[in-house]
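Input: a single structure, listed below in structure tokens.
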Amino acid sequence: MSEFSVIGRRLPKVNAWAHLTGQARYADDLFLPRMLYGRLLRATRPHARIRRLDVTRALAHPGVVAIVTGADMPEKMGIMPSTQDETALAVDKVRYVGEPVAAIAATDEDAAFDALSLIDVDYEDLEPIFTIEEALEREDVKIHDTSKRANVFKEVHLSFGDLEAGFAAADHVRDDWFFFEGNTHAPIETHSAVASYGADDKLTLWTATQVPHYLHRELEKVLGLPRSRIRVVATPNGGAFGGKSDPFAHEFAAALLSLRTGRPVKFTLDREEVFYAHRGRHPVKMRIRTGVKKDGEITAVHYQSFLDGGAYASYGIATTYYTGALLTVTYRIPAYKFDGVRVYTNKPPCGPKRGHGTTQPRYGFECQLDKIAVDLGLDPLEYRKRILQPPNSRTVNELRITSMGLGECLDALQRATKFSEKHGQLPRGKGIGIAGSAYISGAGLPIYWNEMPHSGAEIRIDRGGGVTVMCGTSEIGQGSDMVLASVTAEALGVLPEDVHVVSGDTSLAPVDLGSYSSRVTFMAGNATKDAAMKLRALVVEAAAEKLGVPAERLLTAYRRVYDHDDPSKFVTFTDAAVLAESRHGTLVAAGSYKPPKGIGGTFKGAGVGPSPAYSYQATVAEVSVDVETGTLTVDKLTTAHDCGRALNPANVEGQVEGSAYMGYGEIVVEEQVFRGGLHKKPSLLDYKLPTSLDTPALEAIVVESVDAEGPFGAKEAGEGPLNPVIPAIANAVYDAIGVRFDETPITAEKILDALGLRDNRRVTKDRIGPDGLGDGKADPKRALRRLGATTDARERKTVGGLRPPAPD
Amino acid sequence: MTVLAGGTDLMVELNFGRRRPEHIVAIDRVGELAGIERNGHVRMGAGVTYTRMLADAGSQALAEAARTIGSPQIRNAGTIGGNLGTASPAGDTLPVLAALEATVVLRSKAGERRVPFADYMTGPKKSVRRADELIVAAEWDEAGPAQTYMFVSTRNAMAISIAGLAMVVDRARKRVGIGLGSCGPTIIRPADAEGFARGLFDEAGWERPHRPSESAAKELGRLVAAAARPIDDVRGTAAYRRHALAVMGARALSRVAQIA
């Protein structure tokens, strides 16, 4: 029998019924009296100076009430305080097609839409930059004046251990280039926000955001309105995946237009606009050099990444570090060097998407490990098991590892798929592949430097036995409200349906940093548990007195406080709560959570990578390739995921399956295509995502390593499981047809190209992928040489970066 | 004046502001357009939806083509008349109508005229239909079960075909029809490929199923691909389209020849 009454049970999410029946209230479902409707005018040029912006004609259009432009909100903003390079609406210059330039509020949507074409903008075109190579080289064109070198946004270099000695000790060195294509989140719900400036002189913004607290700060900064007069309410997000974790133009525009007009203002982006708002997966070119001994033991890894950041910073500084930070937590790496460069280009800004910055290098690295296994004649699954980073250890880049269940994941996969019996043994056209991965359970540092908790929760017990939990988390469909309800219910001995969840509201709930970096279960879970355990002590103490039983012998479950030795001796939770309130007054408690100190290094740049715990996971992909048409069919994806403890196994499996689906889409079909800076596929018809008819059979295996610091032992489950899917499929395709896909996506056309069927020349290839930088007009060799030079000169002296955690 | 049936094409145009017609007349409840008559000859009203074609199309290939279109919601709304009205080379039912040698029935106040499908399309989204004419039906002779529709796409639903191929073998009339979609300005009939296939059936006997040789299937595919006039676009390259047509031609022949 389980030691828990709620944890570990397959309970429906507390909000499942509302979502299932369409009763969940999203931002766009809100209608307020006298509400105005907003539309954004978006730039039609990839890179241009705004010579003149005239709204006179648009203002005269019937129904138009107010218009704001960049000049009304010139304050710089952006999610990362150290790299704020955006304004709410473009000021003087536009940097990508689709960048918001002006915002209209009108009495109805049609009037706002029609008035867009009446805003006169006179652009002076500047030369645009679209590729990583051009951005690295072109000193004559500056997308942002702040770039010291060409159009480099950020350059980082970190080195750990003795790299030279590591490579010298290697029996075999692999040196491979990879390219990971950019892609976008495509949540079902498009971004939406409603602002209302009321007679109480306060502004409320209901918005589909993952980060109500960070948005609260940026609203204060841009609007010049004290935070005490602003309330942000994160409405249920209809999917987010990282795409709603920046402050966005429409949020500021709604707020300012409401302040100006005294009327509520709603903005709901259409699907095309979501492709411009973007902040999705960075396209990344990577070079990975790995040295191994004959038995496969890694002696050194040198990883370099070149990120195409698009037009603005977004989370780019963190993304850049993340491409290098987490490669070390899965397998033993004694010497490691990381060079990362993120550049600006004239395309919609890239940012965090599920797996933030770790997805691309994990793809490259796991593909390379597969090559090493082939080179050395090793079974790829057994090989990985042999080189695992041990639990309760430190990585070469000083990350603290606690629970580590990757080995168990690999064992579970072998049992479920018979990988080792099938690999290399299937007929041509059939393949099986494997890859491992890891992810953080919340970032170790907040995005702005402070010593306060990362998550706070407040719980109140009412006189009828109901419990209200308040926490600043944002429900984005991942189940964060259910985590709060489950943890509260388990700790107090009630059921999730007894718990009222108030989340994502900056006025009602204590700060939680937001639903990003897979931090909610671990951090908000711990904060909630902390608060609940304080109340539990009061309730149990009152019950103990009533029953005449020592408090330590009492258990709480199923709305009872009962004697462990004689469960027939009990008081109901409601009666115990009444007794406790009679004695102590109103039953309210607050809890908080902050990651422990010392979980990462103290060097500059050490701020990205540390986490109180890492999830581990591995995927086996089984594929079929039609060698005549080039059609790739993924037959099955089996993922084993170490989530510490499954607070709700159904929810964990949902996250693992959803991740598998998303990763599958990224490697088989998704790509961002631009022509002259213009997105060629800004619709769900042309930007292909897999449908239910395409999706492979999915299996999720839950592995529980029970983390010592996680709430009831839990770690993250929302992002990590995406990562191994992508390289597992690429490795399976190699097993099927003997072709390495060192770039994504793996399309039918590329498969035909490799099989020599694309044209009559019949030239076959054993690899599709980049050989270096150099698709643009720039001189890649020079760029690389320069990068190499700076690398050597700046060993361990990284510029900028997040502030490191203070030493103990 | 613009007519609206299922709206799966027109509403996209309206929503993107590409068209702003003064008047729209909805014809989705005109019962006379929604009938299917079958008596060896098929008359399919222009208002017949793709969903209805799945169950009752009077053509196996047409049912297969209908199944590839959009999602259940789109199939519930979209009609064969709409596919003809838009006249896109990517319209999934159109290669089938070409292979069936269907007739398009157009009606105006001046009367009715019947246009062979081969003369109907004149270019991408262009047809001989006059502005005052309404598409009322498509008609063809029932051709028996030896027919199929195939396509390649980047996904299995909600996609525009990169290339599509319909093949109809009418064993009774000793006729082979092949229609190619998404690989030219109009639906293409590969005459050489059709002639080659007729020769194969002459040899093997029209009345009974046979398994074509690999080399025959390959040659048919080659002739199909040679007739195509594809372009490079955001969905696929011309070379890929040509290659896919060759494979589909070969596979379609192998499949259809084995159906009695």
Side-chain angles (χ1 to χ4, degrees), chain A residues 39 109-110 113-114 116-117 186 270-273 626-634 661 664-665 667-675 678-696 745-762, chain B residues 8-9 11-18 20 67-75 78 88 90 150-165 214 217-218 221-222 225-226 230 232-254:
Chain A
R39 286 291 300 202
E109 279 182 285
D110 283 349
F113 183 80
D114 290 342
L116 288 178
S117 60
D270 65 31
R271 180 55 64 181
E272 183 178 348
E273 291 181 284
D626 184 329
V627 294
E628 286 185 333
T629 62
T631 305
L632 166 64
T633 304
V634 178
Y661 161 81
Y664 162 74
I667 186 157
V668 299
V669 65
E670 289 183 54
E671 56 185 338
Q672 300 268 88
V673 180
F674 295 89
R675 207 161 293 161
L678 186 67
H679 198 300
K680 290 301 289 177
K681 301 176 166 183
S683 76
L684 292 186
L685 177 62
D686 284 322
Y687 182 86
K688 294 287 189 290
L689 298 157
T691 69
S692 58
L693 289 182
D694 305 286
T695 305
I746 304 177
T747 63
E749 298 217 20
K750 289 180 191 171
I751 289 175
L752 287 178
D753 186 21
L755 296 174
L757 296 172
R758 197 169 181 168
D759 52 38
N760 292 327
R761 284 178 299 149
R762 307 266 148 180
Chain B
T8 59
D9 288 329
M11 291 311 295
V12 175
E13 300 276 296
L14 296 180
N15 288 337
F16 280 93
R18 295 187 198 126
R20 284 287 169 101
R67 193 174 299 126
T68 71
I69 294 171
S71 59
Q73 295 91 328
I74 285 172
R75 291 195 289 270
S88 159
M150 293 179 173
F151 72 106
V152 286
S153 179
T154 42
R155 67 181 172 196
N156 289 319
M158 302 293 290
I160 294 170
S161 295
I162 295 172
L165 179 145
E214 208 171 295
K218 233 175 171 165
R222 191 188 67 77
D232 290 337
D233 67 15
V234 70
R235 297 187 184 97
T237 62
Y240 175 58
R241 289 187 156 101
R242 226 182 267 282
H243 176 82
L245 284 169
V247 175
M248 288 193 291
R251 286 183 182 181
L253 177 71
S254 300

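Labels below follow one simple rule: chain letters A, B, ... track the order of the sequence lines, proteins then strands, and each chain is numbered from 1. Just so we're clear, the structure is a prediction, and the values are computed from it rather than from any experiment.
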Does any backbone or side-chain atom of [X] lie under 4.5 Å from a heavy atom of chain B? Answer side chain, backbone, both or neither.
| X | answer |
| --- | --- |
| A:D626 | side chain |
| A:D686 | side chain |
| A:L752 | side chain |
| A:L684 | backbone |

So what's closer than 4.5 Å to chain A heavy atoms on B:R251: side chain, backbone, both or neither?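 Answer is side chain: those atoms of B:R251 sit under 4.5 Å from chain A.
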Per-residue contact mode, B:A244 against chain A (heavy atom under 4.5 angstrom):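 No part of B:A244 comes within 4.5 Å of chain A.
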With no hydrogens and no angle check, is any side-chain donor or acceptor of A:D694 less than 3.5 Å from a backbone partner on B:N156?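 Judged by distance alone, yes, a pair lies under 3.5 Å.
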Taking A:T629's backbone N and O only, do any of them form a donor-acceptor pair with B:H243's side chain (distance below 3.5 Å, no angle check)?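 Checked: no pair found.
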How about B:I160 and A:L685: do any of their side-chain heavy atoms sit closer than 4.5 Å?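 The answer is yes, as the side chains (C-beta and beyond) meet within the 4.5 Å cut-off.
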Within a strict 4.5 Å, meaning less than it, do heavy atoms of the B:M158 and A:L693 side chains meet?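 No, their side chains stay 4.5 Å or more apart.
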Tell me, out of A:E749, A:E628, A:K688, who's got the most heavy-atom pairs with chain B below 4.5 Å.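 Looking at each option in turn, the highest pair count goes to A:E749.
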Among the listed options A:D753, A:V669, A:L689, the residue most often paired with chain B at heavy-atom distances under 4.5 Å: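 Result: the option with the highest number of such pairs is A:L689.
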Closest contact, heavy atoms only, B:F16 versus A:E272: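 Result for this residue pair: CE2-OE1, 4.0 Å.
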Minimum heavy-atom distance between A:R758 and B:A239, given as atom pair plus value: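 Result for this residue pair: O-CB, 3.6 Å.
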Taking CD in A:E671 as the centre, count heavy atoms belonging to other residues, nucleotides or ligands within less than 6.0 Å. Is the count above 12?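 Enclosed.
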Can you confirm whether B:K218 is buried at NZ, in the sense that more than 12 heavy atoms of other residues, nucleotides or ligands lie under 6.0 Å from that atom?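 12 or below, so no.
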Best-contacting candidate, B:V247, B:V12, B:T237, against chain A by heavy atom pairs under 4.5 angstrom: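 Sorted descending by pairs with chain A, the first entry is B:T237.
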